[in-house]
Structure formats: C-alpha cells, structure tokens
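Throughout, protein chains are lettered first and strands after them, A, B, ... in sequence-line order, and every chain is numbered starting at 1.
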There are 2 protein chains.
Amino acid sequence: MMIGRLNHVGVATPSIEESVKTYRDLLGATKIHDAFDLPPQGVRVCFVDLPNSQIELIEPLGEASPIHKFLEKNPSGGQHHVCFEVADIHVAAADMKEKGATVLGEPRIGAHGTPVIFVHPKNMGGVLVELMETPKAAH
Amino acid sequence: MMIGRLNHVGVATPSIEESVKTYRDLLGATKIHDAFDLPPQGVRVCFVDLPNSQIELIEPLGEASPIHKFLEKNPSGGQHHVCFEVADIHVAAADMKEKGATVLGEPRIGAHGTPVIFVHPKNMGGVLVELMETPKAAH
C-alpha cells in the first residue's frame, strides 16, 4: 500500500457556521461548499477548497456523535484527522491489519462518496488517519 | 488577503526517526527528505512528500522548544499546525492584525526558506495556523 494525495485535513468545530466565517472573512478562502449531514458517521461536514487540497469542517450530528468527546477536550475545536487517498480501500485495510495497525470499523462510504477507513492514532504517532479510496473520475 | 495552497500539516513527534518508519513502512510514503535543525524555532523537522502537499514532522530541539509543551499534553505526538501559503507575508500579517487576530511574533524565515507567521489558535477555531510566503520559484 502507498498513500497518495493529502485529500483533506479534518477540523472539528462546535459551529460550522462560525468556522466558515473564519475561513472566508479572516483567511480569505473563496470556495466553500454547502454543508451537509452524514448521519451514519454522526457528523455534519463542510468542505473548504484550497488550490491543492481541502479543509473538512466537522460538527457533531446527534447525541452519539464521535465529535462530542473531541470537543469536550477541545471546546473551541481543533485538528481532528488527516485524510490520505489510497487506490483500493480493501487492499489498504488488509495491509494495515497485516502490519499490526488497528483499523476502526469496516470500510464505509465517506464524505466524498468513496469508501474510507480510520486507523487508530496509537499506530500513527498520535494522529487519527483516514484512508479514502480515490474517486475514480477525479484528478 | 487570500490563502493559497495547503503547504503542509505540521505533526509533532517525540522522535522523527520513529515517525519516518510509520510514514515509510506503514503508510508507504516514498519520498521522505532528510531531517534538519531549525535552531531559531527550537525544532528539528523532516518533510514527507505527498503528490500534492507535505507532512512536516517536528521534533523538539533544545530545552526551550515550543514543542515540549505540546508533547507533554500529547506524549505520542499529534497534529500541531496547518500551513497555508500566502503571496506576501507582510500583507498577510497586517491583514490578520487589522482583523483583530493575534499574530505570534514577527515574520521569520521558516522551514522552506521563506518568511512565515503563526496566528493564535483562539482566532482560528482551535487550530494553530502558519502562514507562509509562497517560494518564488515553486509550483
């Protein structure tokens, strides 16, 4: 397995609306997509486009959202994960497991419509790593 | 001011050597540069190339390194900052200040040889943001 593009940096926030103001008004980001819900993952997300990559703003959705715990520790938000593209998610998941890394759950459809997995931060130097299958038509 | 490319994600680590193994052997990164010291910033850094961006591994250098405090809170390391490119660092610094954001220190030469500033996480949704002047010859 070989990681490809840095697809996005996931940034947790108590309010996508407030974070959008920061990226638009303070940092001058010009292309910010509409936010949308991802109920199976318990999050509402919003992508900020940069010329070469994206910031994924993530807000808790529902009581069971995995983001609540992160925001308890970091009430104003913060960097939550890094997402790298891979050619095949099943090959990547098998490879991670074979090398002894802990894959969190089975591959599921992520925010970009292709399957993703998460690898435990304990195997990644404290960084929660998302691996995402590269969209077929992209790039 | 308008942010440009996501130049890199800064990842703090207690050991660049160990982190390099993670990115090379576990994630399959193929281009990892030699590590080098940045004494004025109190860090040793190592860039991992991705097709579109970079991971900057950051290890404390010296007793006064700003990374010590981060590693006390996150002993195995973690996401430390996000770096966006800007056209002119002095314009960016003035713009941030005018908009009420806290710029940490004066522009100084960063790991890529161009001037950088850091903006306080309290103004950036809990994310430490580095703004870096785009290298003239790059891209």
Side-chain angles (χ1 to χ4, degrees), chain A residues 1-16 18-23 25-30 48-55 57 70-71 73-82 84-86 92 95-96 99-101 119 121-129 131 139, chain B residues 1-16 18-23 25-30 48-55 57 70-71 73-82 84-86 92 95-96 99-101 119 121-129 131 139:
Chain A
M1 196 205 81
M2 187 174 80
I3 49 170
R5 296 177 72 254
L6 174 58
N7 185 275
H8 63 263
V9 178
V11 171
T13 172
S15 165
I16 283 179
E18 287 304 313
S19 289
V20 163
K21 287 181 195 165
T22 300
Y23 281 85
D25 303 337
L26 205 51
L27 289 170
T30 52
V48 178
D49 281 7
L50 303 165
N52 62 328
S53 192
Q54 293 179 309
I55 298 293
L57 300 171
F70 183 92
L71 290 176
K73 285 188 194 170
N74 311 275
S76 46
Q79 291 191 69
H80 179 265
H81 68 268
V82 175
F84 301 113
E85 294 183 14
V86 295
D95 188 54
M96 286 296 108
K99 288 173 178 165
V119 184
K122 71 182 175 187
N123 305 119
M124 294 284 154
V127 177
L128 177 60
V129 170
L131 298 177
H139 321 310
Chain B
M1 193 205 86
M2 188 174 80
I3 49 170
R5 296 176 74 255
L6 173 59
N7 185 276
H8 62 263
V9 178
V11 171
T13 172
S15 163
I16 283 179
E18 287 303 313
S19 288
V20 163
K21 287 181 195 165
T22 300
Y23 282 85
D25 302 338
L26 205 49
L27 289 170
T30 52
V48 177
D49 281 7
L50 303 166
N52 62 327
S53 192
Q54 293 179 310
I55 297 294
L57 300 171
F70 184 93
L71 289 176
K73 285 187 194 171
N74 311 276
S76 44
Q79 286 171 256
H80 179 265
H81 69 268
V82 175
F84 300 114
E85 294 183 14
V86 295
D95 188 52
M96 286 295 109
K99 289 174 178 164
V119 185
K122 71 182 175 187
N123 305 120
M124 294 285 153
V127 177
L128 177 60
V129 170
L131 298 176
H139 319 310

Please determine, among A:M1, A:M2, A:Q79, the option with the most heavy-atom pairs under 4.5 Å with chain B.
A:Q79

Among A:G100, A:S53, A:P75, single out the residue with the greatest number of heavy-atom pairs under 4.5 Å to chain B.
A:S53

Contact class of A:V11 relative to chain B, heavy atoms under 4.5 angstrom
side chain

Roughly how far, to the nearest 0.5 Å, is the CD atom of A:Q54 from the CG atom of B:L6?
10.5 Å

Heavy-atom distances under 4.5 Å only: say whether B:T13 touches chain A with side chain, backbone, both or neither.
neither

State which residues pass side chain to side chain donor-acceptor pair (under 3.5 Å) with B:H8; sequence neighbours excluded, sorted by chain then number.
B:E56, B:H81, B:E130

Among A:L26, A:N74, A:V9, who wins on heavy-atom pairs under 4.5 Å with chain B?
A:L26

Can you measure from CG (A:L50) to CD1 (A:I55) and round to the nearest 0.5 angstrom?
5.5 Å

Side chain, backbone, both or neither: which part of A:T22 has an atom under 4.5 Å from a heavy atom of chain B?
side chain

Interface residue of largest heavy-atom contact number with chain B, from A:N123, A:V127, A:N52, A:V119, under 4.5 Å
A:N52

What pairs with B:S76 under side chain to side chain contact (heavy atoms under 4.5 Å, CB included), at least two apart in sequence or on another chain?
none

Any side-chain heavy-atom pair of B:K73 and A:K73 under 4.5 Å
no

Taking C-beta and beyond as the side chain, do A:F84 and A:N7 meet within less than 4.5 Å on heavy atoms?
no

For B:L57, is it the side chain, the backbone, both or neither that has a heavy atom under 4.5 Å from a heavy atom of chain A?
neither

Top contributor to chain A contacts, counting heavy-atom pairs under 4.5 Å, from B:T30, B:V86, B:V82
B:V82

Winner by heavy-atom pair count (cut-off under 4.5 Å) against chain A, out of B:A29, B:S15, B:P51
B:P51

Where on B:D25 is there a heavy atom nearer than 4.5 Å to chain A: the side chain, the backbone, both, or neither?
backbone

Sort B:S19 into side chain, backbone, both or neither according to what part of it lies under 4.5 angstrom from a heavy atom of chain A.
neither

Determine the minimum heavy-atom distance between A:P14 and A:G77, stating which atoms define it.
CD-N, 4.1 Å

